[in-house]
Amino acid sequence: MEKLLIKGGKPLHGKVKVSGAKNAVLPIIIAALLAKTPSTFDDVPLLEDVRAISEVLKCLGVKVDDSVSHTLVVDSSNITDCEPPYELVSAMRASFLVLGPLLARKGKARISMPGGCAIGARPIDIHLKAFEALGVKIEQGHGYIVATAPNGIKGATVYFDFPSVGATEHVMMLASLAEGKTVLENVAQEPEIVDLANYLNKMGAKVRGAGTPVIKIEGVSELHGAEYTIIPDRIEAGTYMIAAAMTGGDVLIENVLPEHQKPLTAKLREAGAVVEEDVDRIHVVGSGKLKAVDIKTLPYPGFPTDMQAQMMAMLVVAEGNSKVTETVFENRFMHVNELIRMGAKITTEGRSASIEGPAQLTGCFVRCTDLRAGAAMILAGLVAEGQTEIGDLHHIDRGYENIVEKLTGLGADIERIENENV
Ligand code: EPZ
């Protein structure tokens, strides 16, 4: 097993380039299942989750060529199976989105129920309710879901009880090949939804309204492959913005869309950091003493839940008391205990955490409990006194391309070593 060693106290300086968005590329690669000709994707991030979804598709007979770095060619012309293997699907929740495209292409799909994870139960009721509204027959049993469409997939109007990102993406894909018109109301508005819609439309789909609460889709009979460049990862970008602010550094973040960072930019400015926006770059200068701010996570365009842990790492060293409220997931405070072990002063009650700052963090051995909690531990290590050791790095590798190299390039004292005692 490997671990990270971080010696804290060094302000970050220099430039860092953001990679393609994990949460855009995963549904987009899956959507390539809908086409009978190949698609080519550029700016594909080198992440474990991309490798995982590629393996799922290969098991279905899809050809996936990743021989050129940051590029992926996906050829779904010949799908030979309609059931991805349990061990691959259970390893990564996003694989569940394969159900809709497989059903649309093969008329039947069988997939294991996605389990919960560290941050919550992660139910799929919104996905299934929308599928049934489009004429899909869902059978559940023995940990599996079997989806068929005995009378075809027919457009319908569906109201989402919650603007679920995955459910919005899943139903957009299915409705693209339905008969007739689909109207989806109260859907997710994240930039990754817009990216998927743009790719679907390049494939010949007719998706309108992505990025607003109402999406309208005219079903078509067939989709073709397309060339597509993935948007920058707004969560990776935000992680480096926070790193610059909390280390009192001066960092230029390249390949980022400022309009995707508005909630974080506003909060960093409120905390006293300088944030300058350019067309596709953001310059962040941290002040010596950041001020406490309150955070409440919400579906886009609210403050992103995927930035909550990283922001909390900054707030524990800010001057004053902060409150963090997590409204999207029911158990996304797994990083709190790890931060407390480093000296943070945090108390939680339900979905709220109260933070008393500034705390003087001291390095110790901590674990990553999930992807963004892992990022929060790295951020805490960058400002802690002494050395921080971080284990369970597989969580980090799922969502951050070359994070050690990128932070080293900014002057951090960080290295990845074999962990001989585990
Ligand atoms: C996507 O997960 C992201 N993952 C998550 O990022 C992100 O945190 C989340 O959206 C919210 O923005 C990918 O895009 C691969 P949801 P998803 O469906 O689609 C409830 C990361 O760190 N819900 O919007 O699974 C659910 O329980 C990851 O990169 C239902 O109740 O999120 C949760 O409380 C973590 N029923 C809330 O909605 C459903 O049928 C948000 O879930 C579906 C969801």
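Quick note: numbers below take in every heavy atom, side chains included, and nothing from hydrogens, waters or symmetry partners. Numbering of ligands and ligand atoms starts at 1, following listing order.
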Enquirer: Determine whether a donor-acceptor pair (N or O, by modelled atom type, separation under 3.5 Å) exists between the side chain of Asp195 and the backbone of Ile231.
Expert: yes

Enquirer: So if I count the atoms of ligand 1 from 1 in the order they appear, which ones are less than 4.0 Å from some heavy atom of His127?
Expert: 40 (O)

Enquirer: From atom 35 (C) of ligand 1, work out which of Arg93, Arg332, Arg372 has a heavy atom at the shortest distance.
Expert: Arg332

Enquirer: Could you tell me if the side chain of Asn337 sits less than 4.5 Å from the side chain of Ile346, heavy atoms only?
Expert: no

Enquirer: Do the charged groups of Arg51 and Asp66 touch, with an N to O distance under 4.0 Å?
Expert: no

Enquirer: Any idea which protein heavy atom is nearest atom 32 (O) of ligand 1, and the distance to it?
Expert: Phe329 CZ, 4.1 Å

Enquirer: Counting heavy atoms only, which of Pro123, Ala167, Gly120 comes nearest to atom 43 (C) of ligand 1?
Expert: Pro123

Enquirer: If you measure every N/O of Val328 against every N/O of ligand 1, is any gap under 3.5 Å?
Expert: yes

Enquirer: Considering only non-hydrogen protein atoms, determine which one is nearest to atom 17 (P) of ligand 1 and report residue, atom name and distance to 0.1 Å.
Expert: Arg122 NH2, 3.8 Å

Enquirer: Between Lys137 and Glu139, is there a salt bridge with N-O shorter than 4.0 Å?
Expert: yes

Enquirer: Looking only at distances, can you tell me whether any N or O atom of Asn23, backbone or side chain, sits closer than 3.5 Å to an N or O atom of ligand 1?
Expert: yes

Enquirer: Show which atoms of ligand 1 fall inside a sub-4.0 Å distance from at least one heavy-atom site of Ile124.
Expert: 39 (C), 40 (O)

Enquirer: Would you mind reporting whether Leu72 and Thr40 have side-chain heavy atoms less than 4.5 Å apart?
Expert: no

Enquirer: Among all protein heavy atoms, pick the one closest to atom 19 (O) of ligand 1 and tell me residue, atom and distance.
Expert: Gly166 N, 2.7 Å

Enquirer: To check your reading of the model: name the closest protein heavy atom to atom 11 (C) of ligand 1, its residue, and the distance in Å.
Expert: Thr305 CG2, 3.9 Å

Enquirer: Measure the distance from atom 40 (O) of ligand 1 to every protein heavy atom, then report the residue, atom name and distance (to 0.1 Å) of the closest one.
Expert: Ile126 N, 2.8 Å

Enquirer: Restricting to side chain to side chain contact (heavy atoms under 4.5 Å, CB included), what partner residues turn up for Asp233, sequence neighbours left out?
Expert: Val18, Ala21, Lys22, Ile235, Glu236

Enquirer: Going by an N to O cut-off under 4.0 Å, is there a salt bridge joining Asp392 and Arg367?
Expert: yes

Enquirer: Examine the proximity of ligand 1 to Leu128 and report which part, side chain or backbone, both or neither, has a heavy atom under 4.0 Å away.
Expert: neither

Enquirer: Are the side chains of Ile230 and Asp42 in touch, meaning some heavy atoms are under 4.5 Å apart?
Expert: no

Enquirer: Is there any salt bridge (Lys or Arg N to Asp or Glu O under 4.0 Å) pair reaching into residues 296-312, and which pairs are they, with sequence neighbours excluded?
Expert: Asp306-Arg332

Enquirer: Ligand 1 versus Val165, non-hydrogen atoms closer than 4.0 Å: side chain, backbone, both, neither?
Expert: both

Enquirer: To check your reading of the model: name the closest protein heavy atom to atom 6 (O) of ligand 1, its residue, and the distance in Å.
Expert: Asp306 OD2, 3.0 Å

Enquirer: For ligand 1, note which part of Leu371 has a heavy atom under 4.0 Å away: side chain, backbone, both or neither.
Expert: side chain

Enquirer: Are any of the side-chain nitrogens in Glu222 or Lys36 under 4.0 Å away from the carboxylate oxygens of its partner?
Expert: yes

Enquirer: Given Ser164, Ala121, Pro114, which has its nearest heavy atom closest to atom 18 (O) of ligand 1?
Expert: Ser164

Enquirer: Heavy-atom distances under 4.0 Å are what count here, so tell me which part of Asp125 touches ligand 1: side chain, backbone, both or neither.
Expert: both

Enquirer: Does the distance from a Lys or Arg side-chain N to an Asp or Glu carboxylate O, for Asp370 and Arg398, drop under 4.0 Å?
Expert: no

Enquirer: Quick test of your reading of the model: are Glu192 and Arg234 salt-bridged, counting only N-O distances below 4.0 Å?
Expert: yes

Enquirer: Have a look at ligand 1 and work out which part of Lys22, if any, has a heavy atom under 4.0 Å from it: side chain, backbone, both or neither.
Expert: side chain

Enquirer: To which of Phe160, Phe162, Phe96 does the heavy atom nearest atom 38 (O) of ligand 1 belong?
Expert: Phe162

